[in-house]
Amino acid sequence: MLMTEVDRLDLPTWRKAQELEQHLGDPRVAANPLSCHTTVNFDEGDEFPQKSVDALSDVGFFNYLVPEKFAGAMASPTELMALTRVVSRRDLTTAIAIGQTFLGALPVWLGGSDEQTALQSSHVRSAHLGCLALTEKGHGSDVMSSEVVAEPHADGLCVSGEKWLINNGTRGTTLSLLVRSKPGTGMDTLSLLLIDKETLSDGATKPVEKIPTHGIRGADISGIRFVDCVVPESVVMGGVGGGFELMVKTLQISRIMATGFSLGASDSAIRLALDFAIDRQIYGASVVDIPAARFSLIGCLLDQFMAESVALITTRAITLQPSRLTLWSAITKYYVPVTSEKIVRDSGVVLGARHYIREDHWSGLFQKLMRDNAVVSLFDGSTAVNLGLIAGQLNMLVAARTKSHGHLEPEQRDELLALATLDQADTGFPRADDLELSNNGHDEILDSLGWLAEKIAAEPGDEDEDLRQLLLEEIALLLLERDKLDAAVRDLNLAKDFKPTSEARFELAKRYCQLFAAASAILIWVANRDTINGMFSSGEWLELMLARINSELSEVGVSHWMQNKVVIERLWQQFLGLYHDEKMFSIVPFALAKGVR
Ligand SMILES: Cc1cc2nc3c(=O)[nH]c(=O)nc-3n(C[C@H](O)[C@H](O)[C@H](O)COP(=O)(O)OP(=O)(O)OC[C@H]3O[C@@H](n4cnc5c(N)ncnc54)[C@H](O)[C@@H]3O)c2cc1C
């Protein structure tokens, strides 16, 4: 029998997501909320999916955007991430509109006063949309050049200027708004304000018209113009001049949480492609019998598990190791959306003509999710911005590892296991003081490779002996690649190439992320193989995933991962098991909804 159930483990963190999944019903049934038919129709009309937002509001979804300590229902960020994936696999427009409300509330959860958290909590729990308004047309990612100003006024502050390309910019009731609160260019010249539009005088703001977009076409992507808008000084969050730091810390969390959109979208991409490929008969056989198509689909599943490993660990780090998020959030925001885009591309190749058609297969959902998914790597710091953040930390990371030789102290190992063990609680939500502005060279996840190999060698689990040996061989190759990466960074320093945006450093940052993803997947497996059984614990996915990374990074050759036909066939059968049993393509493969709700 194919074992795909999580039958030895009931993970409380995923309970709400499973309930929501069952409540929403099969997305192929047009009458169900957030069905493919509904979401594609909203998209065709460039129409905001209010009906879908209302359907989620009716089941209390907005309460999960508010941490429990602020009178909400979110027990942990991981719980919200799981819920987001359930929505995102159906409709990214809706997921991102609601996700932006969480993003807008984040500075308040991190740095707001008691009054501000109470106000924001009340708005969000009432399903009032919100937004984070950083971007200006003239400056894009260069937020230090912001021109929206808040000047001293007899009644507090007078705000003027325009924010542009803002999700929920018009529909949002509240905004976390980045302003220049004193002239100059230093970090202390920026402040973050919590603006409640309901309290502003008439004419103090003007909406910027909806901006037509390639994907999430129904979303309210617009902006807001402030015209001598007077607000009390009590709207400032985290102190006057503290806006830059609060924004940076906000983005450390939002960059991780945004990857729930990507993981939901790529689950659907794989499902739509596999669904088609199994049924489609050409040349007298099924598309899945064409080796290249089958390998593409297996590659998609491996990519999904790898991206998920990163997201699962770093989401738990929001509460368990918040001081590490400067690096880990940038890696997550670079790696997961880019990998998800690759999954969507590769699934699209298998789907062929149907990936391009706006009807028919799953009501034409694929072309919508493909366009929608591409936005995730743009906002909250684009792919380039995040690679720059990683590249900028390479020197410190390599210097620290050169000194420690990747050795971890026993308490660091315990912390890593707690971070990755999915049935251990990660409840709570951090405040701004728990987060840092630099990792100071610390990355215990990538450092853990050597220790993980020792642990796998010393503590056999459900995997068979041959597979365990293969895993150890792949980890040995990864350790060599990590050494090569460290040496390459030192060489750049010798060549006086210090610029974080240099081409060479960007390439090394990408490699760093691949190695980090591999370490995350191994860590997740080691920490959970005794509790999550079946496909997860037997480990074929991990062996093939590591072999595939080594095919890309090392000199073993591109076909290295395709050699072990026995392991590939076992994984293929497990993959089909997940599909036929209608389970999420996930390390936590819970049951998807069937039929009419
Ligand atoms: C649909 C959508 C919704 C959005 N919603 C919001 C929102 O709600 N709130 C909000 O504040 N903003 C939002 N944005 C704005 C988004 O965050 C911007 O796209 C972002 O600020 C980048 O601006 P830009 O594309 O003008 O690029 P620019 O900053 O002008 O950069 C241009 C190019 O320069 C390169 N580059 C820039 N910085 C770096 C770097 N550090 N290292 C290396 N290369 C670099 C990149 O190739 C980049 O594409 C949204 C954008 C979109 C498309």
Side-chain angles (χ1 to χ4, degrees), residues 43 46 48 92-107 129-148 161-179 190 192-193 195 207-226 243-244 246-248 250-251 254-255 257-258 261-262 265 326 330 333-334 337-338 341 368 371-394 499-510:
D43 191 63
D46 284 1
F48 186 79
L92 280 182
T93 314
T94 303
I96 291 174
I98 296 179
Q100 168 73 347
T101 303
F102 173 69
L103 172 57
L106 262 174
L129 296 175
C131 53
L132 178 68
L134 308 177
T135 303
E136 296 174 13
K137 194 167 190 175
H139 307 296
S141 321
D142 181 12
V143 287
M144 288 307 294
S145 300
S146 293
E147 287 183 69
V148 172
E162 183 178 296
K163 292 289 177 183
W164 172 86
L165 208 56
I166 306 301
N167 191 7
N168 294 340
T170 303
R171 288 173 175 263
T173 305
T174 54
L175 297 103
S176 287
L177 174 72
L178 188 74
V179 295
L190 298 177
L192 265 173
L193 313 183
I195 303 286
V208 168
E209 267 190 29
K210 177 171 160 61
I211 299 156
T213 47
H214 174 63
I216 56 167
R217 285 171 46 180
D220 166 24
I221 307 297
S222 54
I224 184 164
R225 178 159 191 76
F226 294 87
F244 179 79
L246 188 53
M247 176 197 70
V248 167
T250 294
L251 293 173
S254 72
R255 285 176 179 154
M257 297 305 288
F261 305 137
S262 311
T326 42
K333 182 63 174 44
Y334 159 72
V338 161
E341 284 170 19
K368 172 174 163 21
R371 285 182 286 107
D372 293 352
N373 194 39
V375 78
V376 185
S377 56
L378 278 177
F379 56 51
D380 290 8
S382 63
T383 291
V385 167
N386 285 296
L387 278 175
L389 289 170
I390 301 159
Q393 299 192 52
L394 286 176
K499 223 174 171 199
T501 49
S502 81
E503 274 166 57
R505 279 190 190 266
F506 261 46
E507 283 311 309
L508 293 178
K510 288 180 192 169

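Ligands are counted one by one from 1 in listed order, and the atoms in each one are counted from 1 as well.
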Give, for atom [atom1] of [X] and atom [atom2] of [Y], the distance between the pair rounded to the nearest 0.5 Å.
X      : Y      : atom1 : atom2 : result
Lys163 : Thr135 : NZ    : OG1   : 7.5 Å
Tyr334 : Ile390 : OH    : CD1   : 8.0 Å
Met247 : Ser146 : CE    : OG    : 8.0 Å
Leu165 : Lys137 : CG    : NZ    : 9.5 Å

Heavy-atom contacts under 4.0 Å between Leu132 and ligand 1: side chain, backbone, both, or neither?
backbone
For ligand 1, note which part of Thr501 has a heavy atom under 4.0 Å away: side chain, backbone, both or neither.
side chain
[X]: numbered ligand 1 atoms lying under 4.0 Å from its heavy atoms:
X      : value
Ile166 : 7 (C), 8 (O), 9 (N), 10 (C), 11 (O)
Phe506 : 42 (N), 43 (C)
Val375 : 1 (C), 2 (C)
Leu134 : 10 (C), 11 (O)
Gln100 : 7 (C), 8 (O)

Under-4.0 Å heavy-atom contact between protein and [atom]:
atom                    : result
atom 25 (O) of ligand 1 : no
atom 49 (O) of ligand 1 : no
atom 44 (N) of ligand 1 : yes
atom 15 (C) of ligand 1 : yes
atom 6 (C) of ligand 1  : yes
atom 1 (C) of ligand 1  : yes
atom 35 (C) of ligand 1 : no

Which protein non-hydrogen atom lies closest to [atom], naming both residue and atom, and how far is it?
atom                    : answer
atom 28 (P) of ligand 1 : Ser141 OG, 3.8 Å
atom 39 (C) of ligand 1 : Val385 CG2, 4.1 Å
atom 51 (C) of ligand 1 : Leu165 CD2, 3.4 Å

Are any non-hydrogen side-chain atoms of [X] and [Y] less than 4.5 angstrom apart?
X      : Y      : value
Val375 : Thr213 : no
Ile211 : Trp164 : yes
Asn167 : Phe379 : no

Out of Pro500, Gly140, Gly104, whose heavy atom sits nearest atom 23 (O) of ligand 1?
Gly140
Carefully, step by step, assess Ser222 and Glu209 under the rule side-chain hydrogen bond (donor to acceptor under 3.5 Å, both in side chains).
CA-CA 6 Å; Ser222 54; Glu209 267 190 29; over 6 Å; no
Between Arg217 and Asp46, is there a side-chain N and carboxylate O pair less than 4.0 Å apart?
yes
Ion pair check, Arg371 and Asp43, cut-off under 4.0 Å:
yes
State whether the shortest distance between N or O atoms of Thr213 and N or O atoms of ligand 1 falls below 3.5 angstrom.
no
Return a yes/no value for Ala133: is any of its N or O atoms, backbone included, closer than 3.5 angstrom to an N or O of ligand 1?
no
Is Ala384 in contact with ligand 1, taking contact as a heavy-atom separation below 4.0 Å?
yes
